[in-house]
Number of protein chains: 2
Amino acid sequence: MLISTKGRYGLRSMADLVLYAQKKPVPLRVIAERQGISESYLEQVFALLRKAGLVNAIRGSYGGYVLARPAHQITVGEVLQALEGPLTLANCAHRGGTIECDKMDTCLTMPFWQKLSAKIDEVLFSTTLQDLVDEERATGKRQGPDPQAPI
Amino acid sequence: MLISTKGRYGLRSMADLVLYAQKKPVPLRVIAERQGISESYLEQVFALLRKAGLVNAIRGSYGGYVLARPAHQITVGEVLQALEGPLTLANCAHRGGTIECDKMDTCLTMPFWQKLSAKIDEVLFSTTLQDLVDEERATGKRQGPDPQAPI
DNA sequence: TCTAAACCCAGTAAGTTGGTAGGAATATTG
DNA sequence: CAATATTCCTACCAACTTACTGGGTTTAGA
């Protein structure tokens, strides 16, 4: 399992926000209940998301969390990077360049890691939160109220 | 860092075998020295590779390891799977099907994990050890003797 | 003022990582 | 047969990570 619960819970929670935080902020208690996740653990997840500027918090009663940007402007890669740290496969293959590897000249595997990383980034940073819920709508799995429906 | 040293050391060692184990077995001591890896740690890596049927061991003096199959018949995916265990991103996305997820019906992220896993597997299981050294030859980085050269 | 929420920090049990150490079994060479 | 070089096996370890739990503080709406 390459992605920890932090990343998986966080991504599910962000998708949850897309669906349910259109009109007003959603409190963690509700997300935790709906997604079956410990609320105090989710706190730590959202602390990271907030620090990364992906969600805005509204404190006090009737508060909660909302997306900081429209769903189609937040990529899955941004979310996972905020929660899991840099998504590198090896030191020699990470977004934006190469770092510290004394064997760069002779390493037989570096080009492979870089190629794989590029492929992964291609998916991660081209898929947005909107894509997640759109796919869901297309297959007709979703349960909650239609967030796009006029009220 | 999604791939641990076991996977990275192992892949580098397998590439090393492609280059240097054409005529006779290569002892761990030599690989460890050439790749700058602890020999006793490499032992554990090669125990896994042997159990996965990817290398054959020759015991005793003048022994060592050789590839169990030609380099173009061993994929990077096989090597990493033997060393890292199943390369799944989440429970709901692993090679050959879906397992235990009580939220399958409503999970917004499952299709994404499956799509990403498929992309990764595409690279992992279409790249062979031979491809690693071929790329190396193309860019002219390699140092050792040409294993394809007639003797 | 009551209450519901975000926020913050500390701790923790279990598992993983990246090794080290010591020795037993096996095969080759002299 | 003896010496040597190798694989093979098991146990151990310290540091780190994971997936939480708990206790309290601050903030804002009714």
Side-chain angles (χ1 to χ4, degrees), chain A residues 1-13 17 20-21 24-68 80 83-87 89-91, chain B residues 1-13 17 20-21 24-33 35-68 80 83-91:
Chain A
M1 184 99 59
L2 302 180
I3 302 289
S4 73
T5 55
K6 246 177 190 143
R8 288 180 287 127
Y9 290 178
L11 190 58
R12 268 163 61 195
S13 300
L17 285 186
Y20 297 100
K24 44 185 182 177
V26 180
L28 278 192
R29 181 181 46 75
V30 173
I31 300 180
E33 203 170 300
R34 193 152 47 207
Q35 300 287 335
I37 301 171
S38 147
E39 182 179 349
S40 34
Y41 189 46
L42 254 198
E43 255 184 32
Q44 296 168 44
V45 171
F46 271 80
L48 294 171
L49 292 173
R50 186 175 53 80
K51 278 167 194 159
L54 297 172
V55 296
N56 291 330
I58 292 122
R59 298 182 65 157
S61 195
Y62 282 71
Y65 288 94
V66 291
L67 294 181
L80 293 181
L83 298 170
E84 302 278 335
L87 296 170
L89 293 168
N91 277 338
Chain B
M1 184 99 57
L2 302 179
I3 302 290
S4 72
T5 54
K6 250 180 187 137
R8 288 180 287 126
Y9 290 177
L11 190 57
R12 268 163 60 196
S13 301
L17 284 187
Y20 297 99
K24 43 184 182 175
V26 180
L28 280 192
R29 182 181 44 76
V30 173
I31 300 180
E33 202 169 303
Q35 299 289 334
I37 301 171
S38 147
E39 182 180 350
S40 36
Y41 189 46
L42 254 199
E43 259 185 28
Q44 296 166 44
V45 171
F46 271 80
L48 293 171
L49 293 172
R50 188 174 52 81
K51 278 167 195 159
L54 296 171
V55 297
N56 290 331
I58 291 122
R59 298 180 68 159
S61 194
Y62 282 70
Y65 288 93
V66 290
L67 294 182
L80 294 181
L83 298 171
E84 301 279 334
L87 296 170
T88 56
L89 293 166
N91 277 337

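Numbered from 1 within each chain, the chains take letters A, B, ... in sequence-line order. Bear in mind the structure is a predicted one, so any value in this text is a computation, not a measurement.
Residues Val45(B) and Gly10(B) share a closest heavy-atom pair of CG1-CA, 3.7 Å. The two atoms that bring Tyr65(A) and Ala57(A) nearest to each other are CE2-CB, 3.6 Å, heavy atoms only.
Nucleotide dT28(C) holds its C1' atom 13 Å from the CD1 atom of Ile58(B), rounded to whole Å. Rounded to whole angstrom, the span from the CZ atom of Arg29(A) across to the C1' atom of dC7(C) amounts to 17 Å. dC7(C) atom P lies 13 Å from atom CG of Leu42(A), rounded to whole Å. The distance between atom NZ of Lys6(B) and atom P of dT20(C), rounded to the nearest whole Å, is 13 Å. Spacing between atom CD of Glu84(B) and atom C1' of dT16(C) amounts to 11 Å, rounded to whole angstrom units. The separation between Arg50(B) atom CZ and dT26(C) atom C1' is 13 Å, rounded to whole Å. Protein atom CD of Gln44(A) is 12 Å distant from nucleotide atom P of dC9(C), rounded to whole Å. Atoms CD (Glu43(A)) and C1' (dA5(C)) sit 10 Å apart, rounded to a whole Å.
Separation of atoms CG (Leu49(B)) and OG (Ser13(B)) is listed at 7.5 Å; rounding is to 0.5 Å. Distance check, rounded to the nearest 0.5 Å: CD1 of Ile3(B) to CG of Leu87(B) gives 6.0 Å. Between Glu84(A) atom CD and Arg8(A) atom CZ the span is 8.5 Å, to the nearest 0.5 Å.
No side-chain heavy atom of Gln35(A) sits less than 4.5 Å from a side-chain heavy atom of Leu42(A). Side-chain contact between Ile31(B) and Phe46(B): present, with at least one pair of heavy atoms (C-beta onward) separated by less than 4.5 Å.
Contact annotation for Thr5(B): backbone-only contact, meaning every heavy-atom pair under 4.0 Å involves sugar-phosphate atoms and none involves a base.
Counting non-hydrogen atoms of neighbouring residues, nucleotides and ligands closer than 6.0 angstrom, the CD atom of Glu39(A) exceeds 12 such neighbours.
Between Arg8(B) and the phosphate of dT17(C), there is no side-chain N or O to OP1/OP2 separation shorter than 4.0 Å.
Tyr41(B) and Thr5(B) share a donor-acceptor pair across their side chains, judged by distance under 3.5 Å alone.
When DNA chain D is scanned in the 5' to 3' direction for atoms under 4.0 Å from non-hydrogen atoms of chain A, the outermost contacting nucleotides are dA19(D) to dA30(D).
Of the residues in residues 59-67 of chain B, Arg59(B), Gly60(B), Ser61(B) come within less than 4.0 Å of DNA chain C through at least one heavy atom, sorted by number.
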